[in-house]
Student: 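One structure, as structure tokens, below. Some questions next.
Indexing begins at 1, ligand by ligand and atom by atom, following the structure's order. Numbering of residues begins at 1 and proceeds along the displayed sequence.
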Amino acid sequence: VVELTTEQLRTRVAELLAASRARSRALTDAVDEADLVAQHSPLMSPLVWDLAHIGSQEELWLVRDVGGREPLRPEIDGLYDAFQHSRASRVALPLLTPHETRAYVAEVRDKALDALHTSPLAGGRRLTEHGFAFGMIVQHEQQHDETMLATHQLRAGAAVLHAPAPPPGRPLPAREVLVPAGAFSMGTSTEAWALDNERPGHVVDLPAFWIDTAPVTNGRYAEFVAAGGYDDPRWWTDAGWRHRTEAGLTAPGFWRRDGAGQWYRRRFGVVEPVPADEPVVHVSCHEADAYAAWAGKRLPTEAEWEKAARFDPATGRSRRFPWGDADPTPAHANLGQRHLGPAPVGAYPAGASALGVHQLIGDVWEWTASGWHPYPGFEVFPYPEYSQVFFGGDYRVLRGGSFGTDPAAIRATFRNWDHPVRRQIFSGFRLARDARSGDH
Ligand code: AVJ
Ligand code: FE
């Protein structure tokens with residue numbers, strides 16, 4: 001990790017804040033006023049709520065806390081508190097209009113930049129050490145930008161977002177690799193902007209296991225559908241089968257079959273044939289578990305995922321990213337909404353891990369077998385509502401980020417979580433299996 005001077009750190013933070021705001025603006029300027037305030041799905045907030053909530057969190061942490069300023073509009077705090085109102089109910093609140101929202105977030109940003117230029121980013125409070133509070137707010141805005149992208153996917157009507165196609169796929173040398181038994185370092189105590197749930201770094205000892213070099217593709221997943229996988233309770237957990245039945249699941253989200261049996265998908269307003277070689281996306285954890293059972297494998301635990309991503313057998317060290325310690329570039333991974341979908345398998349050879357596992361970062365969030373729990377030695381920082389209040393709930397961990405995740409909001413230690421029924425997120429999965437003695 002390169003050490004920056006305070007002035008370099010301020011410049012870097014200002015760039016990242018500007019980039020996240022450009023993304024928020026692109027996602028909200030793409031649609032008209034009626035679309036901004038509409039409820040596109042009961043699972044999602046109106047886009048104008050996300051935008052004002054981004055401003056509200058920035059005001060809370062950067063303007064009031066770090067900057068020590070008085071509230072700009074204290075009367076709106078409750079409207080944009082995610083814990084006070086469910087996503088489905090936000091459309092009925094007396095929200096700021098799109099015009100008021102844009103003025104509010106711009107005013108907050110001015111004051112946040114004042115705070116950036118006056119706050120000591122070293123030798124002061126833990127909250128601002130290495131610019132943590134600013135990094136947290138950059139990540140928060142980017143997380144909501146991914147959520148807004150998911151809202152765009154649920155929105156009916158013609159396409160409003162456009163992006164070039166991802167790079168082409170290439171054959172991989174192997175379908176799975178053996179991860180040797182042994183200890184590795186999981187999580188982090190040194191990554192400056194890592195969130196509380198990624199800490200502290202700790203040693204985890206794992207038996208040997210096999211992991212797929214790529215996420216499960218549409219083509220493979222379609223074989224499970226064609227084999228009657230959705231109608232065979234043998235492959236589903238009890239909770240999964242109940243959900244599959246109640247929700248009437250028959251295929252991944254946004255898939256439709258024509259009279260000739262060809263699968264089509266609707267993505268950001270465009271209908272096209274489902275490409276066989278891209279990672280499957282918009283599957284729930286229950287569907288991932290069912291596919292894995294049908295395929296005779298299982299989902300990796302999050303520890304297995306992280307070891308496959310970070311462990312370098314040549315040095316015994318854990319890397320920041322699969323390819324090494326350098327921040328992601330467009331050659332490493334499909335991130336940052338540069339493309340509006342996952343890339344075909346093999347599209348990012350430069351992003352492979354030391355063990356030869358591809359596309360761990362970007363493309364699709366990967367469901368794991370692990371529930372949402374704190375690491376040993378976990379400490380809340382800086383507030384319990386980010387991670388802690390969800391520990392032990394009905395959640396599964398997802399890893400790696402998607403094409404909709406910004407590089408600033410993903411690391412090989414980053415942990416996401418969601419309910420196992422959810423599939424409006426950009427979720428896919430890869431498979432693992434136990435090693436037997438003698439495997440090599
Ligand atoms: C980490 C993606 C589960 O969106 O619910 C945003 C991130 N937390 N605002 C979410 C978050 C507060 C969070 N996830
Ligand atoms: Fe939030």
Student: Of the options Trp235, Trp236, Phe429, Trp367, which is the one that meets Glu287 in a side chain to side chain contact (heavy atoms under 4.5 Å, CB included)?
Tutor: Trp236
Student: Have a look at His53 and say which of its N, O or S atoms is nearest the Fe ion (ligand 2).
Tutor: NE2
Student: Can you list the steps and then say if Asp65 with Arg125 is a salt bridge (charged side-chain N to carboxylate O under 4.0 Å, His left out)?
Tutor: CA-CA 11 Å; Asp65 196 321; Arg125 304 166 60 198; 2.8 Å; yes
Student: Extract all donor-acceptor atom pairs below 3.5 Å that involve side chains of residues 78-89 and protein atoms in other chains or at least two apart in sequence.
Tutor:
unit_1	atom_1	unit_2	atom_2	d
Tyr80	OH	Leu96	N	3.0
Asp81	OD1	Phe83	N	2.8
Asp81	OD2	Gln84	NE2	3.4
His85	NE2	Gly78	O	3.2
Ser86	OG	Ser89	N	3.3
Ser86	OG	Ser89	OG	3.2
Arg87	NH1	Leu43	O	3.1
Ser89	OG	Ser86	N	3.3
Ser89	OG	Ser86	O	3.0

Student: Under the salt bridge (charged side-chain N to carboxylate O under 4.0 Å, His left out) rule, what pairs show up with a residue in residues 370-393, not counting sequence neighbours?
Tutor: none
Student: Just to be sure I understand the cut-off, which residues have at least one non-hydrogen atom under 4.0 angstrom from an atom of ligand 1?
Tutor: His140, Gln143, His144, Tyr386, Asn416, Trp417
Student: Per the ring-ring contact (aromatic ring centres under 6.0 Å, His included) rule, what does the pair list look like for residues 101-130, sequence neighbours excluded?
Tutor: none
Student: Indicate yes or no: does Arg433 engage Glu176 in a salt bridge with an N to O separation below 4.0 Å.
Tutor: yes
